[in-house]
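Data block below; observations after.
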Number of protein chains: 2
Amino acid sequence: MPCRKGCGPQWWHGKVKDCGYRITAGREAIIEALSSTHDHLSAEDVYARIHDKYPNVGLTTIYRTLDMLVNLGLVFKFDFGDGKARYELTEGPKGAHHHHHLVCTGCKRVIDYTDFIDDEVELLRRTEKGLSDKYRFRIDNHLIQFYGTCTECLAK
Amino acid sequence: MPCRKGCGPQWWHGKVKDCGYRITAGREAIIEALSSTHDHLSAEDVYARIHDKYPNVGLTTIYRTLDMLVNLGLVFKFDFGDGKARYELTEGPKGAHHHHHLVCTGCKRVIDYTDFIDDEVELLRRTEKGLSDKYRFRIDNHLIQFYGTCTECLAK
DNA sequence: CTTATTTCTGGAAATGATTTCCATTAAACA
DNA sequence: TGTTTAATGGAAATCATTTCCAGAAATAAG
């Protein structure tokens, strides 16, 4: 048998084990849920998507696991201003598809975008270098969001 | 008498009145608190700084007022990951001193920075233009934060 | 200035996301 | 397989933020 779920060794197992954490069914389910969508899931969303298949995974475990994954750098936690945290994988089985967000302050809709990133990446690299030198700060990540009003909300 | 507080007409009165809001002592106190610091104040922080001088301004009013100011665009609301929202004036009596943030994920310390902004401003302008054209989105604002570890936390 | 209208207020109670507790279960590794 | 130790879930606790509502205050009208 190749692997518990018949899908090859999981790309994230190494990082989790290396940090002394165990691989459990709940954790597999949570990462699977995050892997299988581009939506910005809240903890409750993850619970809802998992619950049919894994009725014995509780909300508490989801919060705990997401927190662990954020600390490991496998997941990014976002705040889009609607009162609940949202989570996204920072990298997937096929590697990261880096993107930033456009947040509509009217309807709270979030658009991912990956275009114009080339120039941004170049500038970000320079900026991060400059900042970490000047402030003696090790930069691991960045968050870029644009706020505004989407077409639908503008129409009102 | 020049003005209620003897300090000239307040720069923000116009915007508040134009939107149909009233000028009250509580609101003056809250904006004064935000104006007089570069710290990233939470609602409770504002309460603490105001309470001696204005013991009759309650927390509820502070939340309500900050929310109003965010909607008017006079205040920006931040989430640095410590569970409470932080507020900063977007512009002051002397105009905005635009900056971005460096957040230490270890100790949650936040460093403001204004350097390297020139290149960023240029790229941001272009990016915002491109995004608003492509997604037909009116962009009002942006949020840029870098996450990492500060010198003190690195030392551990 | 006085009164009328409507917003603003604070305090208590409600809310809702997230955490904590703790006895039980299940990975991991010898 | 047995032992060790981390992980679990469900209930209760926490804590920032909102909601309610009757009274106070700001603006508009007279």
Side-chain angles (χ1 to χ4, degrees), chain A residues 3-5 9-10 12-31 40-48 50-72 75 77-87 108, chain B residues 3-5 9-10 12-31 40-48 50-72 75 77-87 108:
Chain A
C3 148
R4 187 186 331 205
K5 299 208 145 349
Q10 299 285 5
W12 49 274
H13 283 191
K15 201 170 251 179
V16 170
K17 280 185 175 162
D18 288 352
C19 293
Y21 296 107
R22 295 174 178 178
I23 307 297
T24 69
R27 288 171 181 178
E28 305 234 27
I30 291 164
I31 293 199
H40 315 97
L41 303 181
S42 65
E44 201 110 26
D45 290 338
V46 172
Y47 180 82
I50 278 179
H51 193 253
D52 282 347
K53 212 169 169 184
Y54 305 84
N56 46 345
V57 173
L59 236 198
T60 304
T61 292
I62 294 178
Y63 275 109
R64 262 188 305 230
T65 299
L66 289 171
D67 198 47
M68 175 197 84
L69 294 171
V70 168
N71 286 330
L72 289 185
V75 164
K77 181 179 184 178
F78 292 96
D79 166 42
F80 296 134
D82 67 344
K84 53 191 78 170
R86 307 271 164 180
Y87 301 86
K108 309 295 184 193
Chain B
C3 149
R4 188 190 328 207
K5 296 206 146 353
Q10 300 284 6
W12 50 275
H13 283 190
K15 202 169 249 179
V16 170
K17 280 185 175 163
D18 288 352
C19 293
Y21 295 107
R22 295 176 176 175
I23 307 297
T24 69
R27 288 170 181 177
E28 305 234 26
I30 291 163
I31 294 199
H40 316 96
L41 303 181
S42 65
E44 201 111 28
D45 290 338
V46 172
Y47 180 83
I50 280 181
H51 193 255
D52 282 346
K53 212 170 170 186
Y54 303 85
N56 47 344
V57 173
L59 236 199
T60 304
T61 291
I62 294 178
Y63 274 109
R64 264 188 303 231
T65 299
L66 289 171
D67 199 46
M68 176 198 83
L69 294 171
V70 168
N71 287 330
L72 290 185
V75 163
K77 180 178 182 178
F78 291 97
D79 166 42
F80 296 134
D82 67 344
K84 53 190 79 172
R86 307 270 163 180
Y87 302 85
K108 309 293 183 191

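Only heavy atoms go into these numbers, but all of them, side chains included; no hydrogens, no water, no symmetry mates. In what follows, chains carry the letters A, B, and so on, assigned in the order in which the sequence lines appear, proteins first and then strands, with residues in each chain numbered from 1.
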Please report, rounded to the nearest Å, how far the P atom of D/dT18 is from the CG atom of B/N71. 11 Å

Where the side chain of B/A85 is concerned, which of D/dT17, D/dT5, D/dT27 is the nearest nucleotide? D/dT17

What integer distance in Å separates B/M68:CE from C/dC8:P? 8 Å

Measure CG/B/L59 against C1'/D/dC15 and give the value in whole Å, please. 12 Å

Counting heavy atoms from C-beta on, name the nucleotide in D/dT8, C/dT19, C/dT9 closest to the side chain of A/T24. D/dT8

First of B/K17 and B/R64 reached from the 5' end of DNA chain D, by closest nucleotide: B/R64

Could you please name the option among D/dT8, C/dT6, C/dT9 that lies closest to any side-chain atom of B/R22? C/dT6

Using a cut-off of strictly less than 4.0 Å, decide whether B/T60 has a side-chain nitrogen or oxygen near OP1 or OP2 of C/dT9. no

Roughly how many Å is it from CD in B/E44 to P in D/dT18, rounded to a whole number? 13 Å

Rounded to whole Å, please give me the gap between CG in A/N56 and P in C/dA27. 11 Å

Using a cut-off of less than 4.0 Å, is there contact between a side-chain N or O of A/Y63 and OP1 or OP2 of C/dT18? yes

Mind calculating the distance between OH (B/Y87) and C1' (D/dA16) to the nearest angstrom? 9 Å

Calculate the interatomic distance between A/K84 atom NZ and D/dA16 atom C1'; express it in whole Å. 15 Å

Around B/K108, counting heavy atoms of other residues, nucleotides and ligands shown, do more than 12 lie under 6.0 Å from its NZ? yes

Round to a whole Å and report the spacing from CG of A/D67 to P of D/dA7. 13 Å

Counting heavy atoms from C-beta on, name the nucleotide in D/dA6, D/dT17, D/dT8 closest to the side chain of A/R27. D/dT8

Minimum heavy-atom separation for B/K84 and B/S42, please, with both atom names. CD-CB, 3.9 Å

